[in-house]
Colleague: 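Right, I'll just put the structure down here and ask away after.
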Amino acid sequence: EAGVAQSPRYKIIEKRQSVAFWCNPISGHATLYWYQQILGQGPKLLIQFQNNGVVDDSQLPKDRFSAERLKGVDSTLKIQPAKLEDSAVYLCASSLGPGNEQFFGPGTRLTVL
Amino acid sequence: GENVEQHPSTLSVQEGDSAVIKCTYSDSASNYFPWYKQELGKRPQLIIDIRSNVGEKKDQRIAVTLNKTAKHFSLHITETQPEDSAVYFCAAVNDYKLSFGAGTTVTVRA
């Protein structure tokens with residue numbers, strides 16, 4: 001079974017630039033999550049989708065972050081404009097449903113200079 | 001929202017000894033408690049989990065205990081090996097939202 005795919009794996013940008021991350025969940029997984037993991041901390045949930053609807057985006061900085069999952073499969077997370085404090089690893093995860101085991105992708109390491 | 005606290009933040013053990021990591025949670029409605037292991041530069045991977053209707057669960061050298069009354073749960077690793085060195089995260093799930101602890105860096109000394 002293929003795992004969660006993410007791209008790019010690494011990205012370096014300057015502050016105020018824009019960046020987008022892509023995630024392809026495990027086939028059949030209805031729930032998709034985006035996490036931000038700052039070095040030395042646990043992952044923090046940014047947004048959770050159930051199919052193509054948003055379940056929770058309470059910790060998403062909506063003035064600069066946006067995410068979509070238009071067809072209920074792939075998802076993109078965008079940051080516009082980026083700030084220095086956005087430097088982190090962005091993890092995508094998926095599960096069969098809410099409360100089921102989450103499978104994580106390899107993450108995208110973002111460095112904002 | 002849920003607040004998960006994890007202790008200690010770092011743990012160094014001699015190979016063959018046991019390691020214990022403790023977590024507390026704030027929301028009594030949380031009903032699922034997974035533990036993730038994250039090796040350096042890699043993704044978190046589930047190693048064991050426990051649901052609120054169970055007090056203890058064991059899988060080979062790893063065990064987890066849950067005390068719902070006190071709202072705390074613990075991870076126990078016995079006969080530690082060098083490959084157990086990693087960051088371990090506890091988490092609590094309330095309905096659908098998973099909240100992670102800050103992590104424990106475990107180092108197993110040969």
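Note on naming: letters A, B, ... go to the chains in the order of the sequence lines (proteins, then strands), and numbering restarts at 1 for each one.
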Colleague: Determine whether A/L110 and A/I38 fall in the same hydrophobic cluster, where Ile, Leu, Val, Met, Phe, Trp and Tyr are linked whenever their side-chain heavy atoms lie under 4.5 Å apart.
Modeller: no
Colleague: Look at the side-chain heavy atoms of Ile, Leu, Val, Met, Phe, Trp and Tyr, link any pair under 4.5 Å apart, and say whether A/F65 and A/L84 land in one connected group.
Modeller: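 Linked, A/F65 and A/L84 end up in one cluster.
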Colleague: Which pairs of donor and acceptor atoms, one on a side chain in residues 14-26 of chain A, lie under 3.5 Å apart (sequence neighbours left out)?
Modeller:
unit_1 : atom_1 : unit_2 : atom_2 : d
A/Q17  : OE1    : A/E14  : N      : 2.9
A/W22  : NE1    : A/D74  : OD2    : 3.1
A/N24  : ND2    : A/D74  : OD1    : 2.4

Colleague: Do A/L45 and A/I47 sit in the same hydrophobic cluster, where Ile, Leu, Val, Met, Phe, Trp and Tyr count as joined when their side-chain heavy atoms come under 4.5 Å apart?
Modeller: no
Colleague: For B/F89 versus A/G42, what's the shortest heavy-atom pair and its separation?
Modeller: CE2-CA, 3.2 Å
Colleague: Given a strict heavy-atom distance threshold of 4.5 Å, which part of A/Q59 is in contact with chain B: side chain, backbone, both, or neither?
Modeller: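 Contact with chain B involves the side chain of A/Q59 alone.
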Colleague: NZ of B/K22: more than 12 outside heavy atoms within 6.0 angstrom?
Modeller: no
Colleague: Counting only non-hydrogen atoms closer than 4.5 Å, can you tell me which residues of residues 30-37 of chain B sit against chain A?
Modeller: B/Y32, B/Y36
Colleague: Tell me, for A/V4 versus chain B, whether the close heavy atoms (under 4.5 Å) come from the side chain, the backbone, both or neither.
Modeller: backbone
Colleague: Distance-only check: which donor-acceptor pairs under 3.5 Å involve side-chain atoms of residues 95-104 of chain A, not counting sequence neighbours?
Modeller:
unit_1 : atom_1 : unit_2 : atom_2 : d
A/S95  : OG     : A/Y33  : OH     : 2.8
A/S95  : OG     : A/G97  : O      : 2.8
A/N100 : OD1    : A/G97  : N      : 3.2
A/Q102 : OE1    : A/Y35  : OH     : 2.7
A/Q102 : NE2    : A/Y35  : OH     : 3.3

Colleague: So for atom CG, which belongs to A/L113, do other residues, nucleotides or ligands contribute more than 12 heavy atoms lying within a distance under 6.0 Å?
Modeller: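 Yes - once you tally the heavy atoms of other residues, nucleotides and ligands closer than 6.0 Å, there are more than 12.
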Colleague: Can you measure from CG (A/L91) to CD (B/Q38) and round to the nearest 0.5 angstrom?
Modeller: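 If I round to the nearest 0.5 Å, the distance is 6.5 Å.
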Colleague: Same cluster for B/Y88 and B/L11 if Ile/Leu/Val/Met/Phe/Trp/Tyr side chains link at under 4.5 Å?
Modeller: yes
Colleague: Under 6.0 Å from the CD atom of B/E79, do we count more than 12 heavy atoms belonging to anything else shown?
Modeller: no
Colleague: Is there a path of hydrophobic side-chain contacts, each under 4.5 Å between heavy atoms of I/L/V/M/F/W/Y residues, joining A/L60 to A/V112?
Modeller: yes
Colleague: Under a 4.5 Å heavy-atom cut-off, does chain B meet the side chain of A/T31, its backbone, both or neither?
Modeller: neither
Colleague: Got more than 12 heavy atoms from elsewhere within 6.0 Å of NZ, A/K71?
Modeller: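 No, the 6.0 Å shell around NZ holds no more than 12 heavy atoms from other groups.
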Colleague: Applying a criterion of heavy atom separation less than 4.5 Å, what residues of residues 40-78 of chain B form contacts with chain A?
Modeller: B/R43, B/P44, B/L46, B/R51
